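For reference, the structure is listed below as structure tokens.
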Number of protein chains: 2
Amino acid sequence: MAASNALNTRFDEWRDRGFDANACPVRNVLDRIGDKWTTLILVALAAKPCRFSQLHRNVPDISKRMLTQTLRDLQRDGLITRHVFPTKPPSVEYRLSPLGQSALAPLAGLIDWAEQSFAAIQASRAQFDAGDTSEHLSAA
Amino acid sequence: MAASNALNTRFDEWRDRGFDANACPVRNVLDRIGDKWTTLILVALAAKPCRFSQLHRNVPDISKRMLTQTLRDLQRDGLITRHVFPTKPPSVEYRLSPLGQSALAPLAGLIDWAEQSFAAIQASRAQFDAGDTSEHLSAA
DNA sequence: CGGGATCCTGCAAGATACTG
DNA sequence: CAGTATCTTGCAGGATCCCG
């Protein structure tokens, strides 16, 4: 299909450009997305703005420390905004910025792929772990 | 737009389903993709099958240890296949499996987003690091 | 060439306690 | 409530040497 060729062309460009350090968007941004909690938080905020403790509850197993840190990284990158309401016990609300919103679509694409491929991946893992000695031997 | 609503619905589903541990494709697969090297290797293999030392050269800064390990994880997940040619100095070729190929499109979506957003992200970081005290204070 | 086995280190991240 | 500060540790991952 034609789309596949276009894809290859883009991959060629990225490869040829080199992955050098932090000049490269691929590594720079992917490292963020790949972070254990970033995606979960983004998904949690996708629906509605959320307060700190709400996020703490909604994102399971995250520690306050990591939540704080991840939120600040996201804020620093401009993906979320932080709104402080000076109520008596102060309340802070986080919400997706337009930039953060724009990340949802590609993210959804990846998650869709993850869901569709999950069964196949699990099967492959099981087979591999079962001592899959079926090495692909090719004639020279 | 309608697409946005569809997006929200999907996010709702993922959220409601819970992110529990390793039953959840999101965490399970995203952890892989987010791995420092996985994406780079996938991109490197997108164009052509590649041998170990070629990958070692093409993916900068990766150690042999990590390359070996990442390749095996990818093989275990069924994203790449490993072909051994029994030549005198043995040569091993890695190539994307159909499953691995199918990951390229969503990955490309994310990388496209990364490229398009990189400038904005950098700007946001600079502003944040410049001691951005412009907290969003909202009236109670 | 394509790895495996070991050793060693730094830093990511959990636990706990304190504050405005 | 929404964090910060400090201490402590596990283990990811680099360096090095060896093997078929």
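Quick note on labels: first sequence line is chain A, next is B, and so on, each numbered from 1. Predicted model only: the values in this text are computed from it and were never measured.
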* Quick one: H56(B) NE2 to dA15(D) P, roughly how many Å, whole number? -> 10 Å

* For residues L45(B) and L74(B), determine if any side-chain heavy atom of one lies less than 4.5 Å from a side-chain heavy atom of the other. => no

* Under 4.5 Å between any side-chain heavy atoms of D77(A) and L99(A), yes or no? -> no

* To do: Send over the distance from Q69(A) CD to dC11(C) P, rounded to a whole Å.
  => 14 Å

* Structure fact -> On DNA chain D, more 5' by nearest nucleotide between P89(A) and T68(A) is P89(A)

* Rounded off to whole Å, could you give me the CG-to-C1' distance for the L67(A) and dA15(C) pair? => 16 Å

* Can you find a side chain N or O atom of R57(A) that sits less than 4.0 Å from OP1 or OP2 on dA2(D)? -> no

* 5'-most contact on DNA chain C: W37(A) or E93(B), nearest heavy atom basis? -> E93(B)

* Asked: For R125(A), does the CZ atom have more than 12 heavy-atom neighbours from other residues, nucleotides or ligands under 6.0 Å away?
  -> yes

* Asked: Listed by chain and number, what are the ring pair (Phe, Tyr, Trp, His ring centres under 6.0 Å) partners of F52(A), not counting sequence neighbours?
  -> none

* What's the closest nucleotide to the R51(B) side chain, out of dG2(C), dG3(D), dG14(D)? -> dG2(C)

* Asked: In whole angstroms, how far is the P atom of dG4(C) from the NZ atom of K64(B)?
  -> 11 Å

* Structure fact -> To the nearest angstrom, the NZ-C1' distance between K36(A) and dA13(C) comes to 9 Å

* Asked: What's the CG-P distance between L74(B) and dG3(C), to the nearest Å?
  -> 13 Å

* K88(B) near the nucleic acid: base, sugar-phosphate alone, or nothing, with a heavy-atom cut-off under 4.0 Å? -> nothing

* To do: Using heavy atoms to find the nearest nucleotide of DNA chain C for S63(A) and P90(A) separately, return the residue whose nucleotide is more 5′.
  => S63(A)

* Residues which pass side chain to side chain contact (heavy atoms under 4.5 Å, CB included) with Q116(B), listed by chain and number, not counting sequence neighbours -> D112(B)

* Report the distance from atom CZ of R72(B) to atom P of dG2(C), rounded to the nearest whole Å. => 16 Å

* **dG2(C) phosphate, OP1 or OP2, under 4.0 Å from S53(B) side-chain N/O** => yes

* Asked: Can you tell me how far P of dT16(C) sits from CZ of R65(A), to the nearest Å?
  -> 14 Å

